[in-house]
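Chain identifiers are assigned alphabetically (A, B, ...) following the order of the sequence lines, protein sequences preceding nucleic acid strands; residue numbering begins at 1 within each chain.
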2 protein chains.
Amino acid sequence: MSDRPHVTLEDVARTAEVSLATASRAINGTTRVRDDLRERVLSAAAELAYTPNAHAQALAGASRRTVGVVCHDISDPYFAALTRGAMRVADRHGLVVMLAGTFADPDKELACVSALRAQRASAIVLTGSAFENRSWERAMAAELEPYRRGGGRVAVVTRHRSLRADTVSPENRGGARAMAEAMHRLGHRRFAVVTGPAHLTTVADRVAGFREALAGLGIELSERDLFEGSFDRDGGREATAALLAAKHKATCVLTVADVMAVGAIGALREAGLSVPDDVSVTGFDDIPLARDLTPPLTTVALPLERLGEEAMELALDAGGGSRGRVRRIPGEVLLRSSTAKPRRRRRS
Amino acid sequence: MSDRPHVTLEDVARTAEVSLATASRAINGTTRVRDDLRERVLSAAAELAYTPNAHAQALAGASRRTVGVVCHDISDPYFAALTRGAMRVADRHGLVVMLAGTFADPDKELACVSALRAQRASAIVLTGSAFENRSWERAMAAELEPYRRGGGRVAVVTRHRSLRADTVSPENRGGARAMAEAMHRLGHRRFAVVTGPAHLTTVADRVAGFREALAGLGIELSERDLFEGSFDRDGGREATAALLAAKHKATCVLTVADVMAVGAIGALREAGLSVPDDVSVTGFDDIPLARDLTPPLTTVALPLERLGEEAMELALDAGGGSRGRVRRIPGEVLLRSSTAKPRRRRRS
DNA sequence: CTGTTAGCGCCTTCAG
DNA sequence: CTGAAGGCGCTAACAG
């Protein structure tokens, strides 16, 4: 038809031979419009394959149909599940979500929030761990503050209270504590921790939980019992390789995430050790595939999709008045077969 | 500071005591601006925490910094990996991606494209299987056509040529053929297929590949050898349960996706069968965790992230002239331990 | 009910 | 180099 870059409402109005306003009303159903006119407008719109320009709509102050979700890495099952939950409720509200992946880069995360702010997203959900970094934290708060002042809502999962946003808080520390205690109860006395980057609050909290519980049971976790890797499968693999190289005598390896546990199990196996016969391994999160591993992974189960759903709900629910509702989500220790009583004879 | 809902360029200009135009130029670096003025503008912007309104920018015809990716379900490792690749290249180009999840609902998929169109996304990548459905297909084409006419670019992964978009085409059929042949070569003669919804082109293509290869080897796959479930882990589980209930005598179960294979292995195990000693199981895709399963999954490996990357690259590269470049991506049979030579004695 | 008109916030010719 | 003015597409008051 036309060569115009885009079909606009004006084109539709002209084709239907009505005024701009009438066309707008007919399409949005804002006000009643005489039937025949509406017919004409609608068919003109269909014929021209008209789609309203969301930018113009937003500018004109009508819609705010987009929300943002920012996460570190969508290909991590943890974030995938969270995001799915968040998307589901956004969808239910007829909102489109802009997903921003930061690849765990603090600067990029700031940039994402800025972009979302520019898009005038009506809500932003920050998932995943924050960075234990004062200046970053300040910068993020500085970005969020004006966003909120402009009417934006924000909710976070596992973040510092300092952001003063509604937060969904899985009990990382408590879950870790429970897991360490459960392993102790199973009979383990020599532990090692396979952990991720210490500057991630999630990591820090979980390790703290392990340490706390064990200390309470008379077992000190020293720096030499901690093996750090990236917060993914390969990180788990490498950290465990280091553990093996150090000839650590642990009978139980506590990891801070299921994905790391997967790597850990792989490394242990390659070294000829059996899980759980020689070493027990625990995870954290209960990602979907945890139960399908062999052996099925003992882990601290978190209702991942629900975390995402709740966060989005908080973000969308303008209620709550003063900033800072907190919804705690407990984790549950799931004993599966990657853990067992320690054997008598020491390994290696 | 102000109570205005949003800080605008005008606020910045006023604070800096310059004109709107100068403020704009100083911030965008479009034209040279006297140093002191620029300083003033920039510091005013910083002080007021100014963020340009992306909608206004887009409306004014300047930027088009968003691209869309639509997929069925982000929590499926296949889509997660694809999306990750796509996001990576978008990121590299300084673009924000809007991820739309359709939960495998054709209507929702149409709605997503419409929303992306409204956002004037500069490019749209459709990942994941199309639906084998004439009227849906027409509707999608009708939505895409005007989008393109308006300058929008679109690329698809595994879709019908009928959409006439640039496409990245993993060789589902060829890969399936190769897998079936490999299993035949291993010695298998009795096959069953655990498959997903037949209306997904991906599923259809893969099954066709199995059938084709087997037919060439003198083995007919009848309807009774096909067990259908949803396109995920649980679907694989259920389809396999049905297979077991039917007392199918297959020595090798070909599945159309790794996630389904995971379910299949679980079901087989629960029935007391050993994989691969009693039954061999194959997957398709090579999702990240495939190698970490026990036994590691024999599968048709597809470079998932690259699929996403290439699709986004095609979408972003206005070149290519006439619509319809096709980039074929071969799959590679990866023999791991979920498959083995069939045993002599028949099972069950 | 319907049409006219004034912005929404920004960019970009145009003059100066 | 800087300022004033028009317009991007749409909606929401206003008048008719």
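As a whole-Å value, the separation of A/Leu59 CG from D/dG9 C1' is 9 Å. When the P atom of D/dT11 is taken as reference, atom CG of A/Leu20 falls 9 Å away, rounded to whole Å. Following rounding to the nearest Å, A/Asn53 (CG) and D/dG7 (C1') show an atom-to-atom distance of 14 Å. One atom, CD of A/Glu10, and another, C1' of C/dT5, lie 14 Å apart when rounded to the nearest Å. In this structure, the CD atom of B/Glu17 is 14 Å from the P atom of D/dT2, given to the nearest Å. Atom CZ in A/Arg120 sits roughly 7 Å away from atom P in C/dC10 (whole-Å rounding). Separating the NE2 atom of A/His55 from the C1' atom of D/dG7 is a distance of 17 Å, rounded to the nearest angstrom. What separates CG of B/Leu48 from C1' of C/dG9 is a distance of 15 Å, to the nearest Å.
Taking five base pairs at each end of the helix from C/dC1-D/dG16 to C/dG16-D/dC1, the local helix axes there meet at an angle of 40°, rounded to 10°.
Contacts between residues 22-39 of chain A and DNA chain D, counted as heavy-atom distances below 4.0 Å, involve A/Ser24, A/Arg25, A/Asn28.
Taking 4.5 Å as the limit, every side-chain heavy atom of B/Val69 sits out of range of all side-chain heavy atoms of B/Met98. Looking at A/Thr51 and B/Pro146, their side chains never come closer than 4.5 Å, going by heavy atoms from C-beta outward. Side-chain atoms of A/Glu109 and A/His72, non-hydrogen and from C-beta on, do get closer than 4.5 Å to each other.
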I would like to know whether A/Leu307 and A/Ile329 meet side-chain contact (heavy atoms from CB on, under 4.5 Å); could you show each step before the answer?
CA-CA 8 Å; A/Leu307 294 186; A/Ile329 309 284; 3.5 Å; yes
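Of the charged side-chain nitrogens involved, at least one lies within less than 4.0 Å of a carboxylate oxygen, so that A/Arg14 and A/Asp11 count as a salt-bridged pair. A salt bridge does not link B/Glu145 to B/Arg148: none of the charged nitrogens lies less than 4.0 Å from a carboxylate oxygen. Under the 4.0 Å criterion applied to side-chain N and carboxylate O atoms, B/Arg325 and B/Asp317 are assigned as salt-bridge partners. Between B/Arg327 and B/Asp166 there is no salt bridge, since no side-chain nitrogen of the basic residue lies less than 4.0 Å from a carboxylate oxygen of the acidic one.
Taking A/Arg25 as the reference, nothing meets the salt bridge (charged side-chain N to carboxylate O under 4.0 Å, His left out) condition, with sequence neighbours excluded.
Proximity note for A/Ala21 (side chain, C-beta onward) versus C/dG3, C/dG9, C/dG7: the nearest is C/dG3.
Listed pair A/Gln57 / D/dC10 fails the phosphate criterion, with no side-chain N or O lying under 4.0 Å from OP1 or OP2. Remark: B/Thr8 is not in phosphate contact with C/dG9, judged by side-chain N or O atoms under 4.0 Å from OP1 or OP2.
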